[in-house]
Amino acid sequence: MTRIVVLISGGGSNLQSLLDQCQTGSLDADIVAVISNRPDAFGLSRARQAGVKALTLDHTGYANRAAFDAALAELIEAQQPDLIVLAGFMRILTDDFVRRFPGKMINIHPSLLPRYPGLNTHQRALDAGDSQAGATVHFVTAELDGGPPIAQVEVPISDQDDAESLARKVLAQEHRLYPTVVDWFVKGRLRLDANQVLLDDQPLPKGGRLLDTASL
Ligand code: GAR
């Protein structure tokens, strides 16, 4: 069975959706460990509740980014994962770290990349007057939120939306998008080949596959 390590920094609602899908069997994978860089991350309790190993590697205990990333890479490798899933893991990763897991690490980001990498994505979409917000799952490369996109969902922005309401709506779609993409990987349908994303051996368009929320 596919061994998954999930990295978190906070609430872990995306983690929860993956745990739920594994528990019901709709995702045929084994989440072997959850690792947080923050000791107080609520997602750690979610992991324990589901009987999954919950580990903390506190970044504040390391002299610099390289030292933390080296320790994190070792901790991940000790779990022997087939896939590393970043789910609200709010750390910039070093090139050396990312290069240790080529084609094996994915991230979810709350915007329609390449628009709005980094923080405050929803407020930035509102400020720009966008009609659509959304989320992207992408392979992780050394560029922040810049790796090749795998799939996106769009969420319409209404006149009444503020950053908070938009975050809620997008997060609800993330909970459906992420298990879908993880399922592709688990079934051996998804791979990264020289920076090109292949699904069922077919190259995906530049922004990844746009998923219809109704189909999720
Ligand atoms: C999610 O919206 C995720 O897309 C975002 O953090 C939130 C985590 O929520 N990730 C990023 O911004 C990464 N650049 P969760 O802890 O409830 O899953």
Side-chain angles (χ1 to χ4, degrees), residues 4-23 27 31 33-50 52 54-57 59 65 69 72 83-94 97-98 101 105-126 130 132-155 157 161-182 207-208 210-211 213 216:
I4 298 178
V5 167
V6 183
L7 304 188
I8 60 164
S9 297
S13 67
N14 277 293
L15 163 67
Q16 188 68 58
S17 77
L18 295 168
L19 289 168
D20 291 347
Q21 303 264 346
C22 287
Q23 199 170 12
L27 201 52
I31 299 179
V34 171
I35 303 174
S36 171
N37 65 306
R38 294 187 179 277
D40 59 351
F42 181 63
L44 289 169
S45 310
R46 295 182 188 271
R48 282 188 210 105
Q49 186 71 32
V52 170
L55 304 169
T56 299
L57 195 69
H59 64 277
R65 195 175 291 284
D69 277 12
L72 179 62
L83 177 66
I84 302 149
V85 172
L86 275 52
F89 186 64
M90 306 305 274
R91 297 270 313 165
I92 292 171
L93 298 164
T94 55
F97 176 87
V98 173
F101 308 104
M105 186 155 50
I106 59 177
N107 179 45
I108 193 160
H109 183 75
S111 77
L112 295 169
L113 291 171
R115 265 179 284 173
Y116 317 126
L119 299 174
N120 302 321
T121 54
H122 304 302
Q123 191 57 54
R124 287 155 73 198
L126 289 167
D130 292 355
Q132 302 275 356
T136 306
V137 176
H138 62 94
F139 278 106
V140 176
T141 60
E143 195 188 334
L144 176 67
D145 300 325
I150 302 165
Q152 295 189 315
V153 282
E154 291 178 341
V155 173
I157 300 179
D161 273 323
D162 57 16
E164 209 177 297
S165 67
L166 203 49
R168 253 196 320 273
K169 287 195 233 173
V170 171
L171 198 55
Q173 295 307 323
E174 291 183 41
H175 297 159
R176 306 166 78 192
L177 172 67
Y178 221 178
T180 302
V181 172
V182 171
L210 185 61
L211 293 176
T213 50
L216 287 175

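One-based numbering, in listed order, for ligands and for the atoms of each. Treat the numbers as computed from the prediction; the structure is a model and nothing was measured.
Listed by chain and number, the residues in a ring pair (Phe, Tyr, Trp, His ring centres under 6.0 Å) with Y116 amount to none (sequence neighbours excluded). Here D161 pairs with K169 under the salt bridge (Lys or Arg N to Asp or Glu O under 4.0 Å) rule; sequence neighbours left out. Contacts of T141 classified as side-chain hydrogen bond (donor to acceptor under 3.5 Å, both in side chains), with partners at least two apart in sequence or in another chain: none.
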Task: side-chain hydrogen bond (donor to acceptor under 3.5 Å, both in side chains) assessment of H109 paired with T121 - done: CA-CA 9 Å; H109 183 75; T121 54; 5.3 Å; no
Would you mind writing out a table of all protein N or O atoms found under 3.5 Å from any N or O atom of ligand 1, naming both atoms and giving the distance to 0.1 Å?
unit_1   : atom_1 : unit_2 : atom_2 : d
ligand 1 : 2 (O)  : E174   : OE1    : 3.2
ligand 1 : 2 (O)  : E174   : OE2    : 2.9
ligand 1 : 4 (O)  : E174   : OE1    : 2.7
ligand 1 : 4 (O)  : E174   : OE2    : 3.3
ligand 1 : 14 (N) : H109   : ND1    : 3.0
ligand 1 : 16 (O) : G12    : N      : 2.8
ligand 1 : 17 (O) : S13    : N      : 2.8
ligand 1 : 17 (O) : S13    : OG     : 2.5
ligand 1 : 18 (O) : S13    : N      : 3.3
ligand 1 : 18 (O) : N14    : N      : 2.9
ligand 1 : 18 (O) : N14    : ND2    : 3.0

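Atom CD of Q21 is separated from atom OH of Y178 by 14.0 Å, given to the nearest 0.5 angstrom.
Residues D162 and S165 have side chains that bring a donor and an acceptor to within less than 3.5 angstrom of each other.
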